[in-house]
Every structure is written in C-alpha cells, then in structure tokens.
Number of protein chains: 2
Amino acid sequence: MSKQPKYEQVADALRREIDNGTYGPGSRLPSEAELATRFDASRNTVRAGLKLLVSQGLVTSSQGLGYEVSKHEVFELNASRFENLTFPQNGDAFSTDVTNAGRHPHQTFRVELTTTPEYVATRLKVETGSRSVLRFCHRFVDNVPWSTQATHYPDWLLAEAPRLAEPGDIAEGTTRYLASVDIEQIGYRDEISTRMPTPEEARLLEVGAGVPVMLWTRTGYSHDRPIRCTITTLRGDLNRMNYEIGDLSGRDGDESE
Amino acid sequence: MSKQPKYEQVADALRREIDNGTYGPGSRLPSEAELATRFDASRNTVRAGLKLLVSQGLVTSSQGLGYEVSKHEVFELNASRFENLTFPQNGDAFSTDVTNAGRHPHQTFRVELTTTPEYVATRLKVETGSRSVLRFCHRFVDNVPWSTQATHYPDWLLAEAPRLAEPGDIAEGTTRYLASVDIEQIGYRDEISTRMPTPEEARLLEVGAGVPVMLWTRTGYSHDRPIRCTITTLRGDLNRMNYEIGDLSGRDGDESE
DNA sequence: CGCGCGAACATGTACCAACAAGTTGACCGA
DNA sequence: TCGGTCAACTTGTTGGTACATGTTCGCGCG
C-alpha cells in the first residue's frame, strides 16, 4: 500500500493538517528536523514534501524562520462596472478603492517613450517597431506589492493629447483628459490569462514559488480605433476579478428586503 | 560576482536558451548527466535548476524520457458575447467552438443531487446544507484534459424544471430548457481567480507542477434571484478569457476596410 | 542599562551514493 | 518476419554529509 513516495505522504499529511486547522493561516509548521523524526524520513525527503506544498502555494518558507501557512486575503476588482468604462483604473480609482477598504495604498509612477512590444502593437493596430508612450505604475497595498500596470498609448494619439507623454500624474485622470480633447473611450476588450511569474515579475511582486500571476490586458477603443492598451500583472493569491453583465436586479435580494 | 546559487545559474542559462530558441517548444533538453558535466555541477544541483524551470511552467519532465520544452497553444474563451448570455457554455456550445477550431472535442457528463457547498450556497442565496442539483462535466480537446465544469441548480428550481435532475444531456441546452418553463437568465456575474491546482485538480486536468488553474465562477440570475452557479476549472496554460464591453465598432477596422 | 557578540536553531546550497522505475532500441531466437 | 528479452539510457526516490546563511535571544561585557 505504500506505493506512494514518502515525500508525498509527508506533503499529504501536512496538507490535511493545514486543511483541518491543525495549522491555521499564519502559523508555523514544525521544523524540518522535527518533521524528519516524526515521519522517520531524512531531512531531504521532508524538504521534498515541503517543497511540494510551497509550489502549491499552501506554505511559504524563509531562511532562519521556518515554514509558515499562507493566508490569502482576496481583493476584489470590479472590472465591468460603468465607472471603469469612463474612468478605467486610473491611479486615483486605485487609491480610492483601497482606502475605502480600510487599507493603505501606495504607488510609484513612471512615463517612458518606448518602441511598442509586439503583443501591444497587435492590439493597438500599429506597426511593430513604432513608438508609443508607456505609463507604468507599481502598486502596493499596506506596503505589500500588489500589481504592476503598463499602459501604452499609440504615438498618433500624442498629436491630440500631448500631455500623455509628460512625466507625472495627470490629475483629472487620463480618460477624462482624453475626453477633454474629444477622444472618448466607448468600449474595451479584456483578456485574462494566468501563468507562473517570470523572475522579473517575481521580483517586482515579491511572490515566491507557488503563486501564479494573473495577466489582465485591456484594450480601449474610441469610435474608430484602439487608443490604449493596458497590461496589468496581478498577484494571483491576492486578487479576484469580477464582471457583471446583463441585468442583475435579482442579485442583492437579501439586502434590499 | 558568483553570489547567485549555482542551480539558479543553471536555470537562468537554460531559460535564456529556451527564450532565444536554442531549445524550441517541444524539443528535448540535454539529460541531467550531460548538464551536470556542462555546468560542472552535481546531478542534484542540476535537478534543482531544472525543477525551477518546471515550477515556472517552462519545461516538463517525464521519467525515462527527459525534459521537454513546453508548448502553449491558447484557446480563447469569449465570455461576454451575447450568445453566452442566452446559451452559456452548454456542452453543445463547447463542441461547436472546438470543432470550429479544427480540434476534436470530447466530454464526460454526470448529474448528482448534493448538499450545496458553502461557496455555491452563498452565491445562490440558499442555506448552507440545503440540496442542489450538480451537473458536472469533464472536457477534453484532442484527448487532452481541458477543463471541468460544475453547475449547481438550487432545489427550489426543480419544482419548475424537473428535467435538470435527470441524468444525461438536455438536448436543447439547459438555458433554453429553463426559458421554456419561463425562467430566463437575464444577467450574470463572473468571478475569476487563479491559484495552483489541488492534487485532485491536477489529476483531473493532468497538469504537472508549474501550471496554475484558472477558476471561473458564473452566477446566473433570473429577474428576481440567482438560478445557477457554474464553477469552471481551466488549465491556465491552455486558456485565455475575453470580455468585450461597450461599443467595439472600431475593433476590426483593418478587416472591414 | 544597553550594546554586541555568539550560541542555538532555522532553512539554503551543494555534493555524494545507491537503487527504483519508465523508455527505447538493438539483438537474438523461433 | 515477428516477438520477446535485455542492455543502456532516462528521470524518480531516498538516504547521507557538510557547510553557508538568516533569525532570535540571552548572556556578559563595557
């Protein structure tokens, strides 16, 4: 019956104990040495089992401290609400949302002129190799890295909206600014995918092994062509995206009664 | 300068060679022994480096065969199109979409009466512990596991739509059937999150380490209350979700000219 | 009192060895 | 020719050792 490798048995036993609350979120697991004794296994074998749990995002490890059971607080992103169509995800909206949730927002901001990456060029319908303005944002909540956001604007747009290329925030928000020069975003297309972070992403978002990232690409359209492409990279363990479509009058029945 | 651990150097070197095409998608990496010689490291160290790449989803390993560079073919899910509101993701739609993409669809199907899980009960606004009909679907494309889908219908709905509890497919699709008994889905709320698969999910979807799953929950509403809750578990490496919101007439400008 | 150093303990890295188990292909016999 | 066996390769599992490095805490010295 012991066809299952020993390190998997270790992982399964610990997973069960995490699930049933023996080790709650935030609590520390016994040390590798203790587990080795308990399971009558070598330290290497126990480490293999723990590595499994780490790669599944259940626990994290830190040198000198031990293994800690992960806790996930999920932040909800309402991606389809009308506010987001008119004022999509500008820095102000982020700060407001986070503050409303009783948390402390923080972000760093940077503007560059770059050659358009192919992924973005396809979506903006501009030539690969053409230039675009990149407005990049690195966001934190309570000093925990939360997401990065890179918005590209095609260079033809600069003739009409030169302030996009200026460094620093646009106080009224980019969408409102664009509307003020008669460029209105009247629709968008979202693409959502997930994968493990690249080393660069792992560094920016400070995620360890076992935490995937969610990639959210929003391409915004004016009446006749794409005007922006925003790529948001979110920590998968901290975010959930919501879309509400159609008539949801029956949604909050228990609250409205 | 060699502060970086050797196994990371191995991983980085191989990652670079995968990125620049030295090892293309589907090709095999040199064996652990060869890499050990090349990097002047022990087999264990090389294995640690390879494990990193595996956990990042870049390569897969199989006993007796070696390491293979992953290839990702992404399947697009259009989640916000109107068809999906009226006929959301029934088996027929899945088969049609996949066949249109020139692939071979396949699915197994099962109907159960279960106690409603808390996650679902919250969304259906029924009491935890109440019963619901679970219609479960395990889907394959070209015999590769693609997704699982579990749709729960609250038990009060059975009085009006008894066929939901019958085993086997509903030929015209569940949404159309519900409409025929005057229960129309007029809106829905989608929630999307991502995480590493549980062992159970890894088994059903045949994903190895390094491939996250995407969780897609759709709660459908009639005019006055939730009528269904669908939880779809998708292989993260094979799927991308799309939402189109607002007016996208400018989207396909190059095609319509 | 406070500061620093070090002991004790945690995980991280790196190596070695041996055997288990899956895959492939060559070889040999019927 | 066909079929089976086996050698030679692959990765998987498990044990061991040693030392590096990060963290905590208490002891002792200034």
Side-chain angles (χ1 to χ4, degrees), chain A residues 1-14 18 23 26-70 199 202-203 206-211, chain B residues 1-14 18 23 26-70 199 202-203 206-211:
Chain A
M1 270 313 125
S2 65
K3 294 277 291 289
Q4 197 188 25
K6 197 183 273 190
Y7 74 95
E8 277 187 20
Q9 296 175 26
V10 172
D12 287 347
L14 291 173
I18 290 170
Y23 302 110
S27 67
R28 259 191 54 191
L29 257 44
S31 73
E32 293 175 350
E34 288 175 73
L35 292 172
T37 305
R38 168 179 162 194
F39 290 105
D40 187 32
S42 73
R43 189 183 156 217
N44 279 345
T45 302
V46 170
R47 277 177 70 80
L50 287 165
K51 195 159 200 168
L52 251 187
L53 297 182
V54 170
S55 77
Q56 290 167 352
L58 281 171
V59 305
T60 59
S61 70
S62 28
Q63 193 172 356
L65 285 176
Y67 290 82
E68 184 174 310
V69 180
S70 307
R203 192 177 58 77
E206 287 175 26
V207 291
V211 176
Chain B
M1 271 308 125
S2 66
K3 292 279 292 288
Q4 197 189 26
K6 198 184 275 190
Y7 75 95
E8 276 186 20
Q9 296 175 25
V10 172
D12 286 346
L14 291 174
I18 290 170
Y23 302 110
S27 67
R28 260 192 55 194
L29 257 46
S31 73
E32 293 175 351
E34 288 176 72
L35 292 172
T37 305
R38 169 178 161 192
F39 290 105
D40 188 31
S42 73
R43 189 183 153 215
N44 279 347
T45 302
V46 169
R47 278 178 69 81
L50 287 165
K51 195 160 201 167
L52 252 188
L53 297 182
V54 170
S55 77
Q56 290 167 352
L58 280 172
V59 303
T60 60
S61 70
S62 27
Q63 192 171 356
L65 285 176
Y67 291 80
E68 183 174 311
V69 180
S70 306
R203 192 177 58 77
E206 287 175 26
V207 289
V211 177

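All chains are named by letter (A, B, ...) in the order of the sequence lines, taking the proteins before the strands, and each is independently numbered beginning at 1. Side chains included, hydrogens not; waters and symmetry mates left out as well; all remaining heavy atoms used.
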query = Atom CD of Glu32(A) and atom C1' of dG12(C): how far apart are they, to the nearest Å?
reply = 9 Å
key: Distance-minimising heavy-atom pair for Ala11(B) and Leu53(B)   = O-CD2, 3.7 Å
remark   = Between Asp40(A) and Arg47(B), the residue closer to the 5' end of DNA chain D by nearest nucleotide is Arg47(B)
request  = Please state how far atom CG in Leu65(A) lies from atom C1' in dC9(C), giving the value in whole angstrom units.
outcome  = 11 Å
request  = Establish whether the base of dA10(C) is bridged to the side chain of Gln63(A) by a donor-acceptor pair shorter than 3.5 Å.
outcome  = no
query = Can you pull the contact range of chain A along DNA chain D, 5' to 3', using atoms under 4.0 angstrom from its heavy atoms?
reply = dT13(D) to dT24(D)
key: Atom-to-atom span, CD of Glu68(B) to P of dT23(C) - whole angstrom   = 13 Å
query = Tyr7(B) has an atom OH; how far is it from atom P of dG12(C), in whole Å?
reply = 8 Å
message = Whole angstroms only, please: what is the CG-P distance between Leu29(A) and dA10(C)?
response = 13 Å
note = The residue, Tyr67(A) or Asn44(A), whose nearest nucleotide of DNA chain C is more 5′ is Tyr67(A)
key: Which atom of Leu35(B) lies closest to which atom of Pro30(B), heavy atoms considered   = CD1-O, 3.7 Å
query = Could you state the CZ-P distance from Arg28(A) to dC9(C), rounded to the nearest angstrom?
reply = 13 Å
query = So what does Ala41(B) hit on the nucleic acid, given a heavy-atom distance under 4.0 Å: a base, only sugar-phosphate, or nothing?
reply = sugar-phosphate
inquiry  = Measuring to OP1 and OP2 of dC15(C), would you say a side-chain N or O of Lys6(B) lies under 4.0 angstrom away?
reply    = yes
